[in-house]
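Okay, so here's the structure we're looking at.
Chain naming here is simple, since letters A, B, ... match the order of the sequence lines and numbering starts at 1 in each.
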Amino acid sequence: MENQGFPKSCRLLDSSAYEDVFNKPDFRISNKYILILGRKTPMGSARLGVIVSKKNVARATARNRVKRVIREAFRTTKSLLPSCDLVILSRKGLDSLDNEKCRACIDELLEEIKRKHSTE
RNA sequence: UGAGUUGGCCAGGCAAUCGCUGUUGUUUUUAAACAGCAGAGGAAAGUCCGGGCUCCACAGAGCACAGUGCCAGGUAACGCCUGGGGGGCGCGAGCCUACGGAAAGUGCAGCAGAAAAUAUACCGCCCUACAUGCCUUAACCGGCAUGAGGGUAAGGGUGAAAUGGUGCGGUAAGAGCGCACCGCAUGGGUGGUAACACGCCAUGGCGAGGUAAACCCCACUGGGAGCAAGGCCAAAUAGGGAUCCAAUGGUGUGGCUCGCACUGGAUUCGGGUAGGCUGCUUGAGCAGACUGGUGACAGACUGCCCAGAUGAAUGAUUGCCCUCGACAGAACCCGGCUUAUGGCCAACUCUUCAU
RNA sequence: UGGGGUGUCGCCAAGUGGUAAGGCAACGGACUCUGACUCCGUCAUUCGUAGGUUCGAAUCCUACCACCCCAG
(Lines give C-alpha, C1' and ligand atoms only; values in the text may rest on other atoms or scores of the structure.)
Protein backbone atom coordinates (compact mmCIF):
# COMPACT_ATOMS: atom_id res chain seq x y z
CA MET A 1 0.00 0.00 0.00
CA GLU A 2 2.52 2.64 -1.09
CA ASN A 3 1.27 5.32 -3.41
CA GLN A 4 -1.70 6.20 -1.22
CA GLY A 5 -0.11 9.48 -0.25
CA PHE A 6 -1.34 12.80 -1.54
CA PRO A 7 1.67 15.14 -1.71
CA LYS A 8 1.82 18.41 -3.54
CA SER A 9 3.18 16.79 -6.69
CA CYS A 10 -0.23 15.13 -7.11
CA ARG A 11 -2.14 18.41 -7.08
CA LEU A 12 -2.70 21.19 -9.56
CA LEU A 13 -0.90 24.11 -7.97
CA ASP A 14 -1.54 27.25 -10.00
CA SER A 15 -3.99 28.74 -12.39
CA SER A 16 -1.92 27.91 -15.50
CA ALA A 17 -2.29 24.19 -14.77
CA TYR A 18 -6.04 24.65 -14.47
CA GLU A 19 -6.12 26.71 -17.67
CA ASP A 20 -4.53 23.89 -19.65
CA VAL A 21 -7.17 21.42 -18.55
CA PHE A 22 -10.03 23.82 -19.23
CA ASN A 23 -8.84 24.87 -22.65
CA LYS A 24 -7.87 21.48 -24.11
CA PRO A 25 -9.62 18.67 -22.26
CA ASP A 26 -9.04 15.25 -23.82
CA PHE A 27 -12.17 13.83 -22.21
CA ARG A 28 -15.06 14.84 -20.02
CA ILE A 29 -17.22 12.59 -17.88
CA SER A 30 -20.18 13.62 -15.78
CA ASN A 31 -23.30 12.60 -13.95
CA LYS A 32 -26.01 14.58 -12.19
CA TYR A 33 -23.78 15.91 -9.42
CA ILE A 34 -20.22 15.91 -10.71
CA LEU A 35 -18.28 16.87 -13.84
CA ILE A 36 -14.73 15.65 -14.49
CA LEU A 37 -12.45 17.23 -17.06
CA GLY A 38 -9.27 15.36 -17.94
CA ARG A 39 -6.09 15.98 -19.95
CA LYS A 40 -3.40 13.42 -20.63
CA THR A 41 0.10 14.20 -19.47
CA PRO A 42 3.31 12.56 -20.64
CA MET A 43 4.84 11.55 -17.36
CA GLY A 44 4.34 10.88 -13.69
CA SER A 45 1.22 10.10 -11.76
CA ALA A 46 -2.21 11.60 -12.00
CA ARG A 47 -2.82 15.08 -10.63
CA LEU A 48 -6.02 16.45 -9.16
CA GLY A 49 -7.73 19.83 -8.90
CA VAL A 50 -11.04 20.37 -7.15
CA ILE A 51 -13.50 23.20 -7.78
CA VAL A 52 -16.52 23.48 -5.53
CA SER A 53 -18.22 26.82 -6.06
CA LYS A 54 -20.20 28.78 -3.51
CA LYS A 55 -23.07 28.87 -5.96
CA ASN A 56 -23.44 25.10 -6.05
CA VAL A 57 -22.66 24.31 -2.42
CA ALA A 58 -23.69 27.25 -0.32
CA ARG A 59 -22.29 26.53 3.14
CA ALA A 60 -18.58 26.45 3.94
CA THR A 61 -18.74 23.33 6.08
CA ALA A 62 -20.50 21.45 3.29
CA ARG A 63 -17.92 22.64 0.76
CA ASN A 64 -15.07 21.40 2.92
CA ARG A 65 -16.81 18.06 3.42
CA VAL A 66 -17.32 17.56 -0.31
CA LYS A 67 -13.72 18.44 -1.09
CA ARG A 68 -12.44 16.00 1.51
CA VAL A 69 -14.54 13.20 0.11
CA ILE A 70 -13.29 13.90 -3.40
CA ARG A 71 -9.67 14.00 -2.33
CA GLU A 72 -10.08 10.79 -0.36
CA ALA A 73 -11.60 9.03 -3.35
CA PHE A 74 -8.80 10.24 -5.61
CA ARG A 75 -6.09 9.30 -3.10
CA THR A 76 -7.22 5.71 -2.71
CA THR A 77 -7.61 5.03 -6.44
CA LYS A 78 -4.77 7.18 -7.72
CA SER A 79 -2.28 4.40 -8.40
CA LEU A 80 -4.76 2.69 -10.73
CA LEU A 81 -5.41 5.81 -12.82
CA PRO A 82 -3.52 6.78 -16.00
CA SER A 83 -1.17 9.74 -15.95
CA CYS A 84 -3.36 12.73 -16.53
CA ASP A 85 -4.57 15.98 -14.97
CA LEU A 86 -8.10 15.88 -13.63
CA VAL A 87 -10.34 18.76 -12.60
CA ILE A 88 -13.41 17.74 -10.64
CA LEU A 89 -16.23 20.25 -10.55
CA SER A 90 -19.30 20.09 -8.37
CA ARG A 91 -22.81 20.60 -9.67
CA LYS A 92 -25.87 21.77 -7.85
CA GLY A 93 -27.31 19.49 -5.18
CA LEU A 94 -24.08 17.71 -4.34
CA ASP A 95 -24.29 18.87 -0.75
CA SER A 96 -27.63 17.11 -0.32
CA LEU A 97 -25.88 13.72 -0.49
CA ASP A 98 -24.29 12.18 2.57
CA ASN A 99 -20.67 11.10 2.54
CA GLU A 100 -21.33 7.50 1.48
CA LYS A 101 -23.46 8.38 -1.51
CA CYS A 102 -21.11 11.11 -2.52
CA ARG A 103 -18.18 8.70 -2.44
CA ALA A 104 -20.08 6.16 -4.53
CA CYS A 105 -20.91 8.87 -7.02
CA ILE A 106 -17.25 9.76 -7.52
CA ASP A 107 -15.99 6.18 -7.60
CA GLU A 108 -18.41 5.44 -10.41
CA LEU A 109 -16.85 8.14 -12.58
CA LEU A 110 -13.28 7.20 -11.71
CA GLU A 111 -14.10 3.58 -12.67
CA GLU A 112 -15.20 4.86 -16.04
CA ILE A 113 -11.90 6.63 -16.56
CA LYS A 114 -10.02 3.45 -15.70
CA ARG A 115 -12.14 1.42 -18.13
CA LYS A 116 -11.63 3.87 -20.98
CA HIS A 117 -7.92 3.89 -20.38
CA SER A 118 -7.56 0.12 -20.37
CA THR A 119 -9.49 -0.28 -23.63
CA GLU A 120 -7.15 2.14 -25.45
C1' U B 1 -45.87 17.88 38.73
C1' G B 2 -46.18 21.73 35.19
C1' A B 3 -44.90 26.74 33.58
C1' G B 4 -41.12 30.33 33.83
C1' U B 5 -36.69 33.75 35.16
C1' U B 6 -31.46 34.44 35.78
C1' G B 7 -26.40 32.81 35.77
C1' G B 8 -22.60 29.29 34.50
C1' C B 9 -20.36 24.96 31.89
C1' C B 10 -19.56 21.34 27.68
C1' A B 11 -19.37 21.06 22.35
C1' G B 12 -18.83 12.97 22.01
C1' G B 13 -14.57 10.00 24.16
C1' C B 14 -10.72 6.10 23.58
C1' A B 15 -7.74 2.75 20.38
C1' A B 16 -5.80 1.01 15.47
C1' U B 17 -4.61 1.70 10.04
C1' C B 18 -4.04 4.97 5.71
C1' G B 19 -3.51 10.30 4.46
C1' C B 20 -2.85 16.42 4.94
C1' U B 21 -0.24 21.30 7.03
C1' G B 22 3.42 23.56 10.17
C1' U B 23 7.60 22.95 13.23
C1' U B 24 11.94 20.47 15.77
C1' G B 25 15.65 16.64 15.33
C1' U B 26 18.41 12.87 12.45
C1' U B 27 19.95 10.98 7.62
C1' U B 28 21.25 11.89 2.84
C1' U B 29 21.12 12.56 -3.54
C1' U B 30 19.19 19.52 -0.91
C1' A B 31 14.86 17.56 -2.11
C1' A B 32 12.84 13.83 0.12
C1' A B 33 12.53 9.87 4.03
C1' C B 34 11.90 8.65 9.22
C1' A B 35 10.71 10.05 14.35
C1' G B 36 8.59 13.53 18.04
C1' C B 37 5.23 17.63 18.96
C1' A B 38 1.16 20.90 17.51
C1' G B 39 -3.06 21.71 14.31
C1' A B 40 -10.67 25.71 13.72
C1' G B 41 -15.24 28.21 17.05
C1' G B 42 -18.62 29.61 20.91
C1' A B 43 -20.35 31.67 17.75
C1' A B 44 -14.61 31.17 13.46
C1' A B 45 -20.89 33.88 10.93
C1' G B 46 -23.39 38.94 10.06
C1' U B 47 -19.72 43.12 9.19
C1' C B 48 -23.31 46.50 13.26
C1' C B 49 -19.75 49.40 16.61
C1' G B 50 -14.76 50.21 19.01
C1' G B 51 -9.41 49.74 18.84
C1' G B 52 -4.30 47.93 17.48
C1' C B 53 -1.26 47.86 12.90
C1' U B 54 0.05 50.31 7.90
C1' C B 55 0.19 54.48 4.34
C1' C B 56 -1.44 59.41 3.35
C1' A B 57 2.14 65.30 7.17
C1' C B 58 4.24 64.54 12.61
C1' A B 59 -2.87 64.21 11.85
C1' G B 60 -2.83 70.43 12.43
C1' A B 61 -7.01 74.82 12.49
C1' G B 62 -12.05 76.46 11.11
C1' C B 63 -16.68 75.32 8.79
C1' A B 64 -19.63 71.40 7.08
C1' C B 65 -21.11 66.32 7.98
C1' A B 66 -21.90 61.98 11.02
C1' G B 67 -22.57 59.64 15.70
C1' U B 68 -23.69 59.50 20.92
C1' G B 69 -27.27 61.61 24.72
C1' C B 70 -30.37 60.12 33.05
C1' C B 71 -25.96 59.68 36.83
C1' A B 72 -21.37 57.43 38.62
C1' G B 73 -17.68 53.98 37.54
C1' G B 74 -14.80 50.15 34.39
C1' U B 75 -11.84 49.92 29.91
C1' A B 76 -6.71 50.79 25.06
C1' A B 77 -11.52 52.34 23.25
C1' C B 78 -16.75 51.88 22.35
C1' G B 79 -22.99 52.85 20.56
C1' C B 80 -20.01 47.72 25.18
C1' C B 81 -20.02 46.22 30.49
C1' U B 82 -21.04 47.10 35.96
C1' G B 83 -23.67 49.62 39.88
C1' G B 84 -27.45 53.26 40.86
C1' G B 85 -31.89 56.72 39.69
C1' G B 86 -36.62 57.86 36.88
C1' G B 87 -40.53 55.62 33.78
C1' G B 88 -43.14 51.18 31.87
C1' C B 89 -44.56 45.67 31.89
C1' G B 90 -45.36 41.17 34.82
C1' C B 91 -49.24 37.72 40.38
C1' G B 92 -43.86 36.98 40.99
C1' A B 93 -38.54 35.64 40.26
C1' G B 94 -37.38 39.40 37.03
C1' C B 95 -37.45 42.06 32.30
C1' C B 96 -37.59 46.47 28.95
C1' U B 97 -36.14 51.56 28.46
C1' A B 98 -32.41 56.97 22.06
C1' C B 99 -34.30 58.65 29.28
C1' G B 100 -30.68 66.29 27.49
C1' G B 101 -33.54 70.86 25.81
C1' A B 102 -40.48 72.52 23.56
C1' A B 103 -40.43 80.62 27.95
C1' A B 104 -33.82 80.54 21.18
C1' G B 105 -36.23 80.07 16.52
C1' U B 106 -38.76 77.43 12.27
C1' G B 107 -42.11 73.65 10.77
C1' C B 108 -46.08 69.78 11.19
C1' A B 109 -51.13 67.78 12.94
C1' G B 110 -55.16 64.27 7.10
C1' C B 111 -60.46 63.01 8.55
C1' A B 112 -63.72 64.41 12.41
C1' G B 113 -64.84 68.62 15.43
C1' A B 114 -67.36 75.14 17.22
C1' A B 115 -62.23 75.39 17.97
C1' A B 116 -55.73 71.91 16.86
C1' A B 117 -52.26 76.35 19.62
C1' U B 118 -54.48 81.67 18.73
C1' A B 119 -57.58 81.78 22.51
C1' U B 120 -62.42 81.37 20.99
C1' A B 121 -67.98 79.45 21.51
C1' C B 122 -71.67 75.00 17.59
C1' C B 123 -75.58 72.78 20.62
C1' G B 124 -76.20 74.75 25.54
C1' C B 125 -76.89 77.65 30.45
C1' C B 126 -78.00 82.71 32.19
C1' C B 127 -79.16 88.22 32.04
C1' U B 128 -81.52 92.78 29.61
C1' A B 129 -86.73 99.04 32.04
C1' C B 130 -83.95 96.18 23.79
C1' A B 131 -87.49 94.87 19.45
C1' U B 132 -91.63 91.94 17.34
C1' G B 133 -95.55 88.35 17.92
C1' C B 134 -98.72 85.36 20.99
C1' C B 135 -101.00 84.05 25.88
C1' U B 136 -102.85 86.09 30.49
C1' U B 137 -104.93 90.57 33.05
C1' A B 138 -109.62 95.79 33.35
C1' A B 139 -104.44 97.51 33.18
C1' C B 140 -99.53 97.19 35.23
C1' C B 141 -96.97 92.95 36.53
C1' G B 142 -96.02 88.09 34.54
C1' G B 143 -95.14 83.85 30.93
C1' C B 144 -93.64 81.74 26.06
C1' A B 145 -91.28 82.03 21.10
C1' U B 146 -87.99 84.49 17.65
C1' G B 147 -84.33 88.15 16.89
C1' A B 148 -80.64 91.86 18.94
C1' G B 149 -76.92 93.05 22.69
C1' G B 150 -74.17 90.92 26.60
C1' G B 151 -72.21 87.22 30.65
C1' U B 152 -70.33 82.23 30.94
C1' A B 153 -67.27 77.38 29.97
C1' A B 154 -70.94 73.54 34.26
C1' G B 155 -72.92 69.79 30.63
C1' G B 156 -73.09 67.53 25.24
C1' G B 157 -70.68 65.76 21.02
C1' U B 158 -65.37 65.10 17.84
C1' G B 159 -60.58 63.45 18.17
C1' A B 160 -54.56 60.38 19.42
C1' A B 161 -54.62 65.07 21.85
C1' A B 162 -59.44 70.28 24.00
C1' U B 163 -56.10 74.83 28.57
C1' G B 164 -55.40 70.67 36.31
C1' G B 165 -58.95 66.63 39.27
C1' U B 166 -62.77 65.67 43.30
C1' G B 167 -65.95 67.94 46.87
C1' C B 168 -68.05 72.18 49.35
C1' G B 169 -69.03 77.27 49.20
C1' G B 170 -70.32 81.00 45.85
C1' U B 171 -73.31 82.96 41.58
C1' A B 172 -78.31 85.42 37.36
C1' A B 173 -75.71 81.28 35.23
C1' G B 174 -70.82 80.09 35.94
C1' A B 175 -65.60 80.17 36.61
C1' G B 176 -59.08 78.62 41.22
C1' C B 177 -63.65 83.27 42.04
C1' G B 178 -62.71 81.35 47.41
C1' C B 179 -61.60 77.00 50.62
C1' A B 180 -60.03 71.59 51.74
C1' C B 181 -57.47 67.35 49.82
C1' C B 182 -54.68 65.47 45.56
C1' G B 183 -51.61 66.98 41.38
C1' C B 184 -48.23 70.92 39.27
C1' A B 185 -44.49 74.91 39.22
C1' U B 186 -40.72 78.01 41.77
C1' G B 187 -37.38 78.84 45.90
C1' G B 188 -35.25 76.66 50.21
C1' G B 189 -34.05 72.47 53.65
C1' U B 190 -32.50 67.29 54.51
C1' G B 191 -30.17 62.67 52.47
C1' G B 192 -26.99 61.21 48.36
C1' U B 193 -20.26 61.99 44.78
C1' A B 194 -24.38 62.55 41.29
C1' A B 195 -28.85 61.36 38.59
C1' C B 196 -32.59 61.87 42.05
C1' A B 197 -35.65 61.22 46.47
C1' C B 198 -38.64 63.27 50.71
C1' G B 199 -45.88 61.87 54.95
C1' C B 200 -40.02 68.55 55.22
C1' C B 201 -40.92 74.20 54.86
C1' A B 202 -42.47 78.51 52.17
C1' U B 203 -44.57 80.84 47.92
C1' G B 204 -47.73 80.82 43.43
C1' G B 205 -54.13 79.91 41.81
C1' C B 206 -51.83 77.12 37.76
C1' G B 207 -49.24 81.50 33.26
C1' A B 208 -45.60 77.76 29.44
C1' G B 209 -50.32 71.84 25.13
C1' G B 210 -47.97 67.63 21.64
C1' U B 211 -44.04 66.35 18.28
C1' A B 212 -36.76 66.95 18.57
C1' A B 213 -36.02 58.11 15.82
C1' A B 214 -39.03 66.85 12.09
C1' C B 215 -35.27 70.81 11.22
C1' C B 216 -32.82 72.66 15.25
C1' C B 217 -30.17 74.22 20.18
C1' C B 218 -26.74 72.38 23.97
C1' A B 219 -22.80 68.92 25.62
C1' C B 220 -19.32 65.24 24.19
C1' U B 221 -16.80 62.24 20.36
C1' G B 222 -14.93 61.44 15.36
C1' G B 223 -9.09 63.29 9.76
C1' G B 224 -9.28 59.53 5.49
C1' A B 225 -8.47 54.83 3.60
C1' G B 226 -7.89 49.84 4.49
C1' C B 227 -3.38 43.59 4.87
C1' A B 228 -6.21 43.47 -2.33
C1' A B 229 -3.01 48.45 3.68
C1' G B 230 2.10 48.72 3.25
C1' G B 231 7.42 47.05 2.64
C1' C B 232 11.55 44.26 0.08
C1' C B 233 13.71 41.58 -4.29
C1' A B 234 13.88 40.73 -9.77
C1' A B 235 12.01 43.05 -14.05
C1' A B 236 9.66 47.38 -15.54
C1' U B 237 7.46 52.52 -15.21
C1' A B 238 12.71 53.88 -19.93
C1' G B 239 13.91 56.81 -24.05
C1' G B 240 11.16 59.32 -28.05
C1' G B 241 7.37 62.03 -31.61
C1' A B 242 2.87 65.29 -31.92
C1' U B 243 -1.05 68.65 -29.92
C1' C B 244 -3.15 71.75 -26.07
C1' C B 245 -3.02 74.47 -21.41
C1' A B 246 -0.34 77.03 -17.57
C1' A B 247 3.58 79.11 -12.92
C1' U B 248 -1.78 83.63 -7.44
C1' G B 249 -1.09 76.61 -11.66
C1' G B 250 -1.08 71.15 -10.72
C1' U B 251 -0.59 66.72 -7.60
C1' G B 252 -0.66 64.58 -2.72
C1' U B 253 -7.54 58.78 -2.20
C1' G B 254 -11.74 62.55 2.43
C1' G B 255 -16.71 67.65 1.33
C1' C B 256 -14.90 73.15 1.41
C1' U B 257 -11.23 76.91 3.07
C1' C B 258 -6.45 77.40 5.25
C1' G B 259 -1.97 75.13 6.38
C1' C B 260 1.83 71.48 5.13
C1' A B 261 4.75 68.38 1.48
C1' C B 262 6.12 67.53 -3.59
C1' U B 263 6.22 69.39 -8.46
C1' G B 264 4.83 71.52 -14.84
C1' G B 265 0.27 68.99 -16.32
C1' A B 266 -3.26 66.66 -19.83
C1' U B 267 -4.31 64.01 -24.43
C1' U B 268 -2.38 60.97 -28.20
C1' C B 269 1.19 57.68 -31.46
C1' G B 270 4.13 53.42 -31.06
C1' G B 271 6.59 49.79 -27.64
C1' G B 272 6.78 46.60 -23.03
C1' U B 273 4.77 43.65 -18.47
C1' A B 274 5.77 38.03 -14.33
C1' G B 275 5.70 37.27 -10.37
C1' G B 276 7.95 35.89 -5.66
C1' C B 277 9.04 36.95 -0.54
C1' U B 278 7.31 39.64 3.57
C1' G B 279 3.43 41.72 6.49
C1' C B 280 1.82 36.46 9.42
C1' U B 281 1.40 35.57 14.45
C1' U B 282 4.08 36.61 21.73
C1' G B 283 -0.70 38.94 22.36
C1' A B 284 -4.86 44.95 25.91
C1' G B 285 -2.30 36.31 25.45
C1' C B 286 -3.77 31.82 28.40
C1' A B 287 -4.01 28.91 33.14
C1' G B 288 -3.70 28.73 38.53
C1' A B 289 -4.21 30.43 43.41
C1' C B 290 -3.93 35.51 46.24
C1' U B 291 -5.24 40.79 47.40
C1' G B 292 -8.59 45.29 46.72
C1' G B 293 -13.66 46.47 45.10
C1' U B 294 -21.18 45.61 45.99
C1' G B 295 -19.64 44.75 40.83
C1' A B 296 -17.65 45.48 35.83
C1' C B 297 -12.56 45.22 36.74
C1' A B 298 -7.62 46.20 38.60
C1' G B 299 -2.90 44.78 40.94
C1' A B 300 1.19 41.75 42.01
C1' C B 301 3.10 36.28 41.89
C1' U B 302 4.06 31.50 39.50
C1' G B 303 3.82 28.58 35.19
C1' C B 304 2.95 28.01 29.78
C1' C B 305 3.70 29.07 24.13
C1' C B 306 -1.44 27.47 22.11
C1' A B 307 -3.31 27.12 13.74
C1' G B 308 -0.81 30.26 10.29
C1' A B 309 -2.87 27.65 5.28
C1' U B 310 -2.25 30.43 0.20
C1' G B 311 -5.91 25.91 -6.04
C1' A B 312 -6.13 26.79 0.51
C1' A B 313 -4.65 21.71 5.81
C1' U B 314 -8.39 18.01 10.82
C1' G B 315 -10.64 13.42 6.88
C1' A B 316 -11.83 8.15 5.76
C1' U B 317 -12.43 3.07 7.51
C1' U B 318 -12.90 -0.33 11.73
C1' G B 319 -13.86 -1.62 17.01
C1' C B 320 -15.82 -0.39 22.05
C1' C B 321 -18.87 2.86 25.36
C1' C B 322 -22.85 6.41 26.20
C1' U B 323 -27.80 10.06 26.17
C1' C B 324 -26.29 8.10 19.12
C1' G B 325 -23.75 14.08 18.70
C1' A B 326 -27.23 20.69 16.91
C1' C B 327 -25.46 25.30 14.68
C1' A B 328 -21.47 25.46 11.95
C1' G B 329 -14.93 26.01 9.07
C1' A B 330 -9.63 30.72 10.82
C1' A B 331 -7.49 33.98 6.05
C1' C B 332 -3.90 40.66 9.70
C1' C B 333 -5.14 40.56 15.04
C1' C B 334 -8.02 41.80 19.42
C1' G B 335 -12.66 43.91 22.64
C1' G B 336 -17.96 43.96 22.25
C1' C B 337 -22.99 43.60 20.03
C1' U B 338 -26.40 40.76 17.07
C1' U B 339 -28.04 36.33 14.81
C1' A B 340 -28.05 30.45 14.32
C1' U B 341 -27.92 26.22 17.65
C1' G B 342 -27.74 20.60 20.85
C1' G B 343 -27.23 19.35 25.88
C1' C B 344 -26.05 19.67 31.25
C1' C B 345 -25.92 22.09 36.13
C1' A B 346 -27.22 25.65 39.96
C1' A B 347 -30.22 29.41 42.28
C1' C B 348 -34.90 31.66 42.37
C1' U B 349 -40.43 32.53 41.15
C1' C B 350 -45.53 31.03 40.27
C1' U B 351 -48.85 26.86 40.18
C1' U B 352 -51.13 21.66 41.21
C1' C B 353 -51.10 17.71 44.65
C1' A B 354 -49.40 15.58 49.28
C1' U B 355 -47.52 16.24 54.34
C1' U C 1 -11.72 38.83 2.68
C1' G C 2 -13.01 43.92 2.20
C1' G C 3 -16.12 47.87 -0.02
C1' G C 4 -20.98 49.45 -2.09
C1' G C 5 -26.17 48.95 -3.52
C1' U C 6 -31.36 47.07 -4.06
C1' G C 7 -36.01 44.72 -2.09
C1' U C 8 -43.57 47.82 -3.46
C1' C C 9 -49.18 42.93 -7.63
C1' G C 10 -46.95 37.42 -11.95
C1' C C 11 -43.27 41.47 -14.71
C1' C C 12 -41.61 46.85 -15.13
C1' A C 13 -42.21 50.40 -11.65
C1' A C 14 -44.15 55.86 -9.04
C1' G C 15 -44.60 57.15 -4.13
C1' U C 16 -39.44 60.99 0.68
C1' G C 17 -45.34 60.73 7.48
C1' G C 18 -52.23 60.91 6.38
C1' U C 19 -57.47 56.24 1.18
C1' A C 20 -50.46 52.44 -2.25
C1' A C 21 -50.33 56.11 -8.95
C1' G C 22 -49.55 53.97 -13.83
C1' G C 23 -48.24 50.39 -17.77
C1' C C 24 -47.80 45.14 -19.40
C1' A C 25 -49.88 40.43 -18.22
C1' A C 26 -54.18 37.74 -16.19
C1' C C 27 -59.55 37.28 -15.42
C1' G C 28 -64.86 38.80 -16.59
C1' G C 29 -67.98 41.50 -20.00
C1' A C 30 -69.21 44.47 -24.67
C1' C C 31 -68.23 44.74 -30.12
C1' U C 32 -67.64 40.30 -34.12
C1' C C 33 -70.03 34.64 -37.64
C1' U C 34 -64.98 33.71 -35.02
C1' G C 35 -60.32 35.87 -33.73
C1' A C 36 -57.18 40.44 -33.45
C1' C C 37 -57.72 45.68 -32.39
C1' U C 38 -60.71 48.86 -29.36
C1' C C 39 -63.88 50.00 -25.02
C1' C C 40 -65.69 48.94 -19.81
C1' G C 41 -64.79 46.53 -15.24
C1' U C 42 -61.89 43.30 -11.55
C1' C C 43 -56.97 42.39 -9.31
C1' A C 44 -51.81 44.80 -3.21
C1' U C 45 -55.60 41.55 4.73
C1' U C 46 -50.44 45.50 3.74
C1' C C 47 -44.86 47.44 0.61
C1' G C 48 -38.41 41.37 2.14
C1' U C 49 -39.00 39.89 7.87
C1' A C 50 -39.33 41.32 13.13
C1' G C 51 -39.34 45.04 16.83
C1' G C 52 -39.57 50.37 18.11
C1' U C 53 -40.73 56.03 17.55
C1' U C 54 -45.62 58.56 16.24
C1' C C 55 -52.48 59.68 17.10
C1' G C 56 -50.98 57.44 12.40
C1' A C 57 -45.12 54.20 9.06
C1' A C 58 -44.04 51.61 2.30
C1' U C 59 -41.81 56.29 4.13
C1' C C 60 -38.19 57.66 10.33
C1' C C 61 -34.84 54.35 13.72
C1' U C 62 -32.71 49.41 15.10
C1' A C 63 -31.77 44.30 14.19
C1' C C 64 -32.12 40.38 10.76
C1' C C 65 -33.13 37.84 5.70
C1' A C 66 -32.54 37.49 0.43
C1' C C 67 -30.38 39.15 -4.05
C1' C C 68 -26.97 42.07 -7.07
C1' C C 69 -22.40 44.85 -8.22
C1' C C 70 -17.03 46.24 -7.50
C1' A C 71 -11.72 45.20 -5.97
C1' G C 72 -6.74 39.88 -7.64
Using whole Å, report how far [atom1] of [X] lies from [atom2] of [N].
X	N	atom1	atom2	answer
A/R75	B/U317	CZ	P	12 Å
A/D85	B/G311	CG	C1'	13 Å
A/L48	B/C20	CG	C1'	13 Å
A/K67	B/G19	NZ	P	22 Å
A/R103	B/A316	CZ	P	11 Å
A/R65	B/U314	CZ	P	14 Å
A/I70	B/A316	CD1	C1'	14 Å
A/R63	B/A45	CZ	P	13 Å

Which one is paired to [N], where only Watson-Crick or G-U wobble pairs with both distances under 3.5 angstrom count?
N	result
B/G90	none
B/C80	B/G74
C/U6	C/A66
B/U282	none
B/A116	none
B/C290	B/G299
B/G22	B/C37
B/A3	B/U349

Separation of A/L86 CG from A/L37 CG (nearest 0.5 Å):
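With rounding to 0.5 Å, CG (A/L37) is 9.0 Å from CG (A/L86).
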Find the distance between CZ (A/R39) and CG (A/D85) and round it off to the nearest 0.5 Å.
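So the CZ of A/R39 and the CG of A/D85 are separated by 8.0 Å.
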Looking only at atom [atom1], what distance separates [N] and [M], rounded to whole Å?
N	M	atom1	result
B/C134	B/C140	P	14 Å
B/G325	B/A35	C1'	35 Å
B/U5	B/C91	P	15 Å
B/A162	B/A115	C1'	8 Å
B/A40	B/G22	C1'	15 Å
B/G191	B/A160	P	50 Å
B/A212	B/G69	P	15 Å
B/U17	B/C305	P	28 Å

Would you mind checking if A/R75 and A/E72 are paired as a salt bridge, meaning a charged N to carboxylate O distance below 4.0 Å?
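Salt bridge between A/E72 and A/R75, a charged N being under 4.0 Å from a carboxylate O: yes.
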B/G329 base / A/R68 side chain donor-acceptor hit below 3.5 Å
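Under the 3.5 Å cut-off, the side chain and the base do form a donor-acceptor pair.
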Is [N] syn or anti, taking syn as a glycosidic angle within 90° of 0?
N	value
B/G207	syn
C/U54	syn
B/A346	anti
B/C320	anti
B/U281	syn

If you find the nucleotide of RNA chain B closest to A/E72 and the one closest to A/V50, which residue's nucleotide is nearer the 5' end?
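First, find each residue's nearest nucleotide; the 5'-ward one identifies A/V50.
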The residue, A/A62 or A/V69, whose nearest nucleotide of RNA chain B is more 5′ is A/V69
Considering residues at least two apart in sequence or located in another chain, which fulfil the salt bridge (charged side-chain N to carboxylate O under 4.0 Å, His left out) criterion with A/D26?
none
Within the structure, does a side-chain N or O atom of A/T61 lie under 4.0 Å from either OP1 or OP2 of B/G329?
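Answer is yes, contact under 4.0 Å.
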Is A/R71 touching bases, backbone alone, or none of the nucleic acid, heavy atoms closer than 4.0 Å?
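Sugar-phosphate only.
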Looking at A/L109, A/L89, A/I88, which hits side-chain contact (heavy atoms from CB on, under 4.5 Å) with A/L35?
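Going through A/L109, A/L89, A/I88 one by one, the side-chain contact (heavy atoms from CB on, under 4.5 Å) with A/L35 is satisfied by A/L89 alone.
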Output, in order, the C-alpha distance, side-chain angles, deciding distance and verdict of side-chain hydrogen bond (donor to acceptor under 3.5 Å, both in side chains) for A/R71 and A/T76.
CA-CA 9 Å; A/R71 271 197 293 271; A/T76 50; over 6 Å; no
Crowded around A/K114 NZ? As in, over 12 foreign heavy atoms under 6.0 Å?
yes
Which nucleotide in the set B/A330, B/A316, B/A313 lies at the smallest distance from any side-chain heavy atom of A/A60?
B/A330
A/I51 side chain: which of B/G315, B/G311, B/A316 is closest?
B/G311
Any chance you could lay out the side-chain contact (heavy atoms from CB on, under 4.5 Å) test for A/C105 and A/K32, step after step, and finish with the verdict?
CA-CA 9 Å; A/C105 184; A/K32 193 180 170 188; over 6 Å; no
